Each structure stands twice: as structure tokens, then as C-alpha cells.
Amino acid sequence: MKKINHHIFQKKSYRFAVSIIVTVFFTFCQEKVNSDETNLLLLGALVNANSGPSTVCKTNSDGTVETTMPTIKKGTFALCRPSTGAVRHYRIEGLKITGGHTAVSLYVGLPENYSAEVNRNSTLAAGQFGMNFYSGSGTGGFVPAYSYANFGPNESNIKNLTSNGNSTAATAPTVSGTSLINFVDQEVDLCFDLTASAPPRFTVWVTGKNSANCKSRTNLTTGNALLNETTWTGGDPSVATGFSFIGLSANSGISFSKIVTSIQLAVP
């Protein structure tokens, strides 16, 4: 009887030892898998952190969409846009350009797969719109900073938005009363409407000018706009249905916090 009990005890001990070995081995393998997965996740995060997205999109509760850039870098980037409807209102917040011969260009009505460089010298097709900010040679330089908009390929459609005595600016004459922007010495918030009419109405505001505030739609009227353009030449089409892009001419000397797009006009 004692031998039988001893034999049973030996079998139980053996099973217990095997169970411990299997458990330890399984735990080791599981920890190895988890460790490998963790390493892969960390590696992926490191790669993403180094490359980084060119733009980040955020949809707000009011339906506006924000485009931000983790790192300002030279190139052409698609702007984020609402899921439905064409963009009719744009707002650039905190724009400042300090680099000599440095430009920021915002173009509207381009195809989704647009791959060419967007810059202030880009040729527009009928219905395409461009808004350009150029710092010239920098503060006190030979070419003052200026801003201008153009619509379509016709050069007579260039609208100079800066009255600073710069005779080397856009080919169109300075628009009276639109001493628009000092985006070299300070940050500015600028916003504009582009209507669906043919030709589009182009209405521009700058925060602090004529008591306008680009972050408050109820504050924006045609009366306090710096420019309310309704006449274009060259066929006068409507704005082309398409996508919006921003072109940055340099990796430094440019800063802005975000670009906000909306399907709603500030002034219907």
C-alpha cells in the first residue's frame, strides 16, 4: 500500500514539474513576442517621428477645417478641406515671412493629384486663383514686401494688395486704400472670401485693419474689408472646382500657426 502511494506521489510530482516547465517556457515565449511587438511599435513611432506628416487636419465643431504643419519646410502641400462642399472662406493665422526673397502662395482650383510646384510665378489656368505673400529682400531691403492675388492666366487680373510704394510689385497698379499687410515685422491674421459667382467676388480682411477680426465672422463686412473685388477680365469664369494647395519657397523664414477653410462665406 505504501509503495502504491509512493508511486502515485512520484507521478504527481513529475506532472507538476512538467507543468512548471511548460508554464515557464510559454511565459518566456509570450514575453519575447510582446517584447518584439513593443520594439516594432517603438521603431514605427521613431520612424514616424523622424519623417512626420507634412500636414495635420482637424475638423472643428463649426464645420471649419484646420491645416497645420508640424515642421515648416519648402514644398507644395494640399490644404485640408471639409468633407462636403467647396471651400469659400480661407483664414491664415499668424503669418510672418522674414526671409529675403521668400514667398508663401495659396492656390485654389487645382486638381487633386497636382504635383507641380506652387509658387508666386506659377501659371494659372482659367478659373484658378492664387494669393501670394512675398517678403522681397527682407526688412529695409531693396524690394519691399508685398502681397497680390491673381485669377486665371490673364496678367491684367493681378491685384496688388499692398500700397507701400513698391513699383516692382505685381503689374497691376496699387489698389487705393489697401495698405494691407506688414507680415515681415509682425504676425498677421488674414482671411478672404471667394464666391461661386462668375466672376467670383474676392473679399479680403486683415485683423486689426478697419476694426476687422478674422476670427469673428460677425465682425466681417464688405464695409471693413481691405479689398472687395468683383471685376476680373479674361472670360470672367467662376472659381474652378478643385483642391487648394499652399506653396512654401523656403525651409526657414516662414511661420504661420494654421490655415482654416470653410464652405461658408463670411459675407453671403
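Computed from a prediction, not measured in an experiment: that's the story for all the values here.
For the residue pair Thr67 / Arg81, no side-chain donor-acceptor distance below 3.5 Å is found, with atom types taken as modelled.
Between the CG atom of Leu226 and the CG atom of Leu190 there is a distance of 8.0 Å, given to the nearest 0.5 Å. Note that SG of Cys191 and CD1 of Ile259 are 13.0 Å apart. Values are rounded to the nearest 0.5 Å. We find the OH-CE distance between Tyr90 and Met131 to be 12.0 Å, quoted to the nearest 0.5 Å. One finds the CH2 atom of Trp205 at 10.0 Å from the CG atom of Leu227 (value rounded to the nearest 0.5 Å).
In this structure, Leu124 shares a hydrophobic cluster with Tyr107, Leu110, Tyr114, Val118, Phe243, Phe245, the cluster being traced through Ile, Leu, Val, Met, Phe, Trp and Tyr side chains under 4.5 angstrom apart.
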Problem set entry | Evaluation steps, side chain to side chain contact (heavy atoms under 4.5 Å, CB included), between Ile92 and Asp189 | CA-CA 6 Å; Ile92 306 174; Asp189 290 351; over 6 Å; no
For this session: In sequence, state the C-alpha distance, the side-chain angles, and the governing distance for Val108 and Ser244, and then conclude on side chain to side chain contact (heavy atoms under 4.5 Å, CB included).
Result: CA-CA 4 Å; Val108 179; Ser244 304; 4.0 Å; yes
Problem set entry | side chain to side chain donor-acceptor pair (under 3.5 Å) between Asn228 and Thr203, worked out | CA-CA 4 Å; Asn228 191 44; Thr203 310; 2.6 Å; yes
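Under 4.0 Å is where a charged nitrogen must lie from a carboxylate oxygen, and between Asp193 and Arg88 no such pair does. A salt bridge does not link Glu187 to Lys96: none of the charged side-chain nitrogens sits closer than 4.0 Å to a carboxylate oxygen.
The six-membered or imidazole ring of Phe129 lies near that of Phe192, with a centre-to-centre distance under 6.0 Å.
Across all their heavy atoms, Leu248 and Lys73 have their closest contact at CD1-O, 3.5 Å.
Between Ser216 and the options Asn213, Thr218, Asn219, a side-chain hydrogen bond (donor to acceptor under 3.5 Å, both in side chains) holds for only Thr218.
Within the structure, the disulfide (SG to SG under 2.5 Å) test picks out the following pairs touching residues 77-127 (sequence neighbours left out): Cys57-Cys80.
Here the side chain of Asn60 pairs no donor or acceptor atom with the backbone of Gly63 at under 3.5 angstrom.
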